[in-house]
Student: 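Once you've had a glance at the structure underneath, I'll fire off some questions.
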Amino acid sequence: MQSEKVKLVNDVLGYPKRQSSEHLYTCPYCNHHKKKFSVNFERNVFKCWICDTRGRNIRRVIRRFGSFTQLKEWDKLSGIVDHSRLEFQLFAEEEVEQEQIISLPKEFKTLTGKTSVVDNIPLSYLTNRGIEPCDLLRYKIGYCGEGEFEGRIIIPSFNVNGYVNYFIARSYDGHWMRYKNPDASRDIIFNELNIDWDSDVILVEGVFDAIFAGNAVALLGSTLREESRLFQHIIRNDSSVFIALDPDAEKKAMRIAHTLLKYDIEVWKVDIPEGEDVSSIGKETFTELKKSAVLMRDNQDWILKRKLMSL
């Protein structure tokens, strides 16, 4: 059985070098000229020693770089008989969807360049939240001192082509309405321009959380629909996902994990301390928490935890 799996992976990745129990291939992710993409068939794991891409299921490599026929053959050798409906969509021609493009408020003033005295209040608010000058530049953060979004920090979202497709407007002057949304669809990938789909993708609730988490996407809430753009991109890119929602959204986090696991996505759960969120604990603390994230191996993990939560 293992020899047949080796032959199948060879068909997808090319002929390997042998090193003890490892099979070394040219990495399909970074295409480095040396064969440093290690596959261990006994442990069902893979890792590139150049770009550090890794995974706990060789099936992910077959699904991403092989054909659907090869994927079915792998599943047959592994004793898997069920295929999710989205597997068929992954190998179908991707539909071209119309991208949403909107304008920032006309009163928007950037905080990325030289600032004046009138900018001190929004800057002080951001500094108190742990936002650094490099964050202002990376996320093109600004504010509105007048108009419809007066007294609000503006954080734009840019699509993969660099166009604004959404923005959040967060009050910094104590207004009872903390957030005010633009009149636009929220079915976007917030700041997709900054996302590396080949690295771990972190799902968080808010935009400030995303700034502190790193390679993160703000859900603009605590749910993730299967038909959403973000969900579809995760599946198509076969990204490893770290879920880092607030503690009071635990059930919703487990529901997201369950849905992603149906599509064979590698899912990790980051436990945020009670009463905190990603933005409040800071970048360094979150990085440490991410190192101790729990791997959600299969649906049974989700079912067990759901039962415990309902007691």
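What you are looking at is a predicted structure, and each value in this text was computed from that prediction instead of being measured.
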Student: Near Ile121 CD1, under 6.0 Å, is it more than 12 heavy atoms from other residues, nucleotides or ligands?
Tutor: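 No - once you tally the heavy atoms of other residues, nucleotides and ligands closer than 6.0 Å, there are 12 at most.
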Student: Might you confirm whether atom CD of Glu227 has over 12 heavy atoms from other residues, nucleotides or ligands at distances under 6.0 Å?
Tutor: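 Counting neighbours around CD of Glu227, more than 12 heavy atoms of other residues, nucleotides or ligands fall under 6.0 Å, so yes.
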Student: Find the distance between CD1 (Ile131) and SG (Cys134) and round it off to the nearest 0.5 Å.
Tutor: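 The distance works out to 9.0 Å.
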Student: Could you measure the distance from the CG atom of Leu245 to the NZ atom of Lys251? Nearest 0.5 Å is fine.
Tutor: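 The CG atom of Leu245 sits 14.5 Å away from the NZ atom of Lys251.
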Student: Are the side chain of Ser171 and the backbone of His175 linked by a donor-acceptor contact shorter than 3.5 Å?
Tutor: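 Present.
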Student: Identify the two heavy atoms, one from Phe37 and one from Cys48, that lie closest to each other, and give their separation to 0.1 Å.
Tutor: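 In terms of heavy atoms, the two residues are closest at CD1-CB, 3.8 Å.
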Student: Quick check: closest heavy atoms across Leu289 and Ile281, and the distance to 0.1 Å?
Tutor: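 Leu289 and Ile281 have their closest heavy atoms at CD1-CD1, 3.6 Å.
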Student: Applying side chain to side chain donor-acceptor pair (under 3.5 Å), run through Asp277 and Ser280 and close with a yes or a no.
Tutor: CA-CA 5 Å; Asp277 56 33; Ser280 67; 3.2 Å; yes
Student: Which distance, rounded to the nearest 0.5 Å, do you find between the CD1 of Ile189 and the CG of Asn191?
Tutor: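 Reported value, rounded in 0.5 Å steps: 11.0 Å.
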Student: Which is it for Glu22 and Asn40 under the side chain to side chain donor-acceptor pair (under 3.5 Å) test, yes or no, and what are the steps along the way?
Tutor: CA-CA 5 Å; Glu22 310 290 316; Asn40 188 310; 2.9 Å; yes
Student: Tell me whether Tyr163 at atom OH has more than 12 heavy atoms from other residues, nucleotides or ligands lying less than 6.0 Å away.
Tutor: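 Not more than 12 within 6.0 Å, no.
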Student: I'd like to know whether CZ of Arg225 has more than 12 heavy-atom contacts from other residues, nucleotides or ligands below 6.0 angstrom.
Tutor: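 Correct, the count exceeds 12.
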Student: Given side chains that start at C-beta, do those of Val9 and Val61 come closer than 4.5 Å, heavy atoms only?
Tutor: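 The answer is no; the side chains never approach within 4.5 Å.
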Student: For Lys76 and Glu4, run side-chain contact (heavy atoms from CB on, under 4.5 Å): C-alpha distance rounded to whole Å, both residues' side-chain angles, the deciding distance at 0.1 Å, then the answer.
Tutor: CA-CA 11 Å; Lys76 181 180 178 181; Glu4 294 179 67; over 6 Å; no
Student: Checking the side chain of Arg59 only, and the main-chain atoms of Leu71 only, is there a donor and an acceptor separated by less than 3.5 Å?
Tutor: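 Looks like no, no N/O pair under 3.5 Å.
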Student: Do Tyr263 and Ile234 touch side chain to side chain, with heavy atoms closer than 4.5 Å?
Tutor: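 Contact flag for Tyr263/Ile234 side chains = no.
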Student: Measuring from Thr26:OG1 to Leu13:CG, what's the distance to the nearest 0.5 Å?
Tutor: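 Interatomic distance, Thr26 OG1 to Leu13 CG, rounded to 0.5 Å: 8.5 Å.
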Student: Decide yes or no for Tyr29 and Ile50: does some side-chain heavy atom of the first lie under 4.5 Å from some side-chain heavy atom of the second?
Tutor: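 They are not in contact (no side-chain heavy atoms under 4.5 Å apart), so the answer is no.
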Student: Any heavy-atom pair between the side chains of Lys109 and Asp119 that's under 4.5 Å?
Tutor: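 With C-beta onward as the side chain, the pair touches.
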Student: Can you list everything that forms a ring pair (Phe, Tyr, Trp, His ring centres under 6.0 Å) with Tyr172? Sequence neighbours excluded, please.
Tutor: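 For Tyr172, no residue satisfies ring pair (Phe, Tyr, Trp, His ring centres under 6.0 Å) once neighbours in sequence are set aside.
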Student: Identify whether Ile155 and Leu193 are in the same connected component of the hydrophobic contact network (ILVMFWY, side-chain heavy atoms under 4.5 Å).
Tutor: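 No, Ile155 and Leu193 fall in different hydrophobic clusters.
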Student: Between Gln232 and Glu226 (side chain of the first, backbone of the second, donor and acceptor by atom type, cut-off under 3.5 Å), is there such a pair?
Tutor: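 Looks like yes, one N/O pair under 3.5 Å.
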Student: If you look at every heavy atom in Tyr166 and Ile102, which pair is closest and at what distance?
Tutor: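 Reported closest heavy-atom pair: CA-CD1, 3.5 Å.
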Student: May I ask you to check whether over 12 heavy atoms, not counting those of Lys283, lie within 6.0 Å of atom NZ?
Tutor: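 Yes.
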Student: Tell me whether Met296 is reachable from Ile265 by hopping between hydrophobic residues (I, L, V, M, F, W, Y) whose side-chain heavy atoms are closer than 4.5 Å.
Tutor: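 Both belong to a single hydrophobic cluster.
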Student: So do Phe167 and Phe149 actually touch side chain to side chain, heavy atoms under 4.5 Å?
Tutor: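 Yes, their side chains come closer than 4.5 Å.
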Student: Is a donor on one side and an acceptor on the other found under 3.5 Å between the side chain of Asn159 and the backbone of Asn161?
Tutor: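 Judged by distance alone, yes, a pair lies under 3.5 Å.
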Student: Considering residues, nucleotides and ligands other than Trp49, do more than 12 of their heavy atoms fall under 6.0 Å from its CH2?
Tutor: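 Counting neighbours around CH2 of Trp49, 12 or fewer heavy atoms of other residues, nucleotides or ligands fall under 6.0 Å, so no.
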Student: Roughly how far, to the nearest 0.5 Å, is the OH atom of Tyr125 from the CG atom of Asn128?
Tutor: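 Asn128 CG to Tyr125 OH: 9.5 Å, rounded to 0.5 Å.
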Student: Can you tell me if Asn10 uses its side chain to pair, donor with acceptor, with the backbone of Pro16 under 3.5 Å?
Tutor: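 No; judged by distance alone, with no hydrogens or angles, the pair does not exist.
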Student: Do you know the tightest heavy-atom contact between Lys17 and Lys35?
Tutor: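 The pair with the smallest heavy-atom distance is CG-CD, 3.9 Å.
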Student: Counting C-beta onward and ignoring hydrogens, is there a side-chain heavy-atom pair between Asp52 and Lys47 closer than 4.5 Å?
Tutor: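 Yes - at least one pair of side-chain heavy atoms lies under 4.5 Å apart.
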Student: Can you confirm whether Ile58 sits close enough to Lys5 that some side-chain heavy atom of one is under 4.5 Å from a side-chain heavy atom of the other?
Tutor: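 Not in contact.
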Student: Locate the shortest heavy-atom distance separating Arg60 from Arg54; write the atom from each residue and the value.
Tutor: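 Closest pair (atom of Arg60, atom of Arg54, distance): NH1-O, 4.0 Å.
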Student: Measuring from Ile62:CD1 to Leu8:CG, what's the distance to the nearest 0.5 Å?
Tutor: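 Nearest 0.5 Å value for the CD1-CG distance: 4.5 Å.
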Student: Would Glu250 and Lys269 satisfy side-chain contact (heavy atoms from CB on, under 4.5 Å), going step by step from the backbone distance to the final call?
Tutor: CA-CA 10 Å; Glu250 180 73 5; Lys269 175 70 169 57; 3.1 Å; yes
Student: Does Lys180, at its NZ atom, have more than 12 non-hydrogen atoms belonging to other residues, nucleotides or ligands within less than 6.0 Å?
Tutor: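 It does: Lys180 NZ has more than 12 such atoms within range.
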Student: Using only atom types and a distance under 3.5 Å, with no angle test, would you say the side chain of Arg170 pairs donor to acceptor with the backbone of Ile153?
Tutor: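 Judged by distance alone, no pair lies under 3.5 Å.
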Student: Are the side chain of Thr115 and the backbone of Leu111 linked by a donor-acceptor contact shorter than 3.5 Å?
Tutor: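 No, because the side chain of Thr115 does not come within donor-acceptor range (under 3.5 Å) of the backbone of Leu111.
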Student: Given side chains that start at C-beta, do those of Cys30 and Thr53 come closer than 4.5 Å, heavy atoms only?
Tutor: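 Cys30 vs Thr53: side chains apart.
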Student: Might you point out which heavy atoms bring Val278 and Ile272 nearest each other, and give the distance in Å?
Tutor: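 That would be CG2-CD1, 4.0 Å.
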Student: Hydrophobic clustering (ILVMFWY, side-chain heavy atoms < 4.5 Å, transitive) - are Phe286 and Trp268 grouped together?
Tutor: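 Linked, Trp268 and Phe286 end up in one cluster.
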Student: Using atom types as modelled and distance alone, determine if a side-chain donor or acceptor of Thr285 lies under 3.5 Å from a backbone N or O of Gly282.
Tutor: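 No: the side chain of Thr285 does not pair with the backbone of Gly282.
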Student: Going through the checks in order, is the side-chain contact (heavy atoms from CB on, under 4.5 Å) test met by Leu260 and Phe231?
Tutor: CA-CA 8 Å; Leu260 290 169; Phe231 190 93; 3.5 Å; yes
Student: Could you check whether any side-chain N or O of Gln100 sits under 3.5 Å from a backbone N or O of Ile188, counting only pairs where one atom can act as donor and the other as acceptor?
Tutor: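 Not a single qualifying donor-acceptor pair exists.
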Student: Are Tyr139 and Val164 linked, directly or through intermediate hydrophobic residues, by side-chain heavy-atom contacts shorter than 4.5 Å (ILVMFWY only)?
Tutor: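 Looking at the clustering, Tyr139 is in a separate group from Val164.
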Student: Could you go step by step and tell me if Tyr143 and Val118 meet the side-chain contact (heavy atoms from CB on, under 4.5 Å) rule?
Tutor: CA-CA 11 Å; Tyr143 77 102; Val118 296; 3.9 Å; yes
Student: Pair up each side-chain donor or acceptor in residues 202-223 with any protein partner under 3.5 Å, not counting sequence neighbours, and list the distances.
Tutor:
| from | atom 1 | to | atom 2 | distance (Å) |
| --- | --- | --- | --- | --- |
| Glu205 | OE2 | Asp246 | N | 2.8 |
| Asp209 | OD1 | Ser279 | N | 3.0 |
| Asp209 | OD1 | Ser279 | OG | 3.4 |
| Asp209 | OD2 | Gly206 | N | 3.2 |
| Asn215 | OD1 | Asp196 | N | 2.9 |
| Asn215 | ND2 | Asp196 | O | 2.9 |
| Asn215 | ND2 | Asp200 | O | 2.9 |
| Ser222 | OG | Lys252 | NZ | 3.2 |

Student: Do the side chains of Phe65 and Val39 join up, straight or via other hydrophobic residues, at under 4.5 Å, putting them in one cluster?
Tutor: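 Yes, it is one cluster - the side chains of Phe65 and Val39 are joined through contacts under 4.5 Å.
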Student: Using only atom types and a distance under 3.5 Å, with no angle test, would you say the side chain of Ser239 pairs donor to acceptor with the backbone of Trp197?
Tutor: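 Yes; at least one donor-acceptor contact below 3.5 Å.
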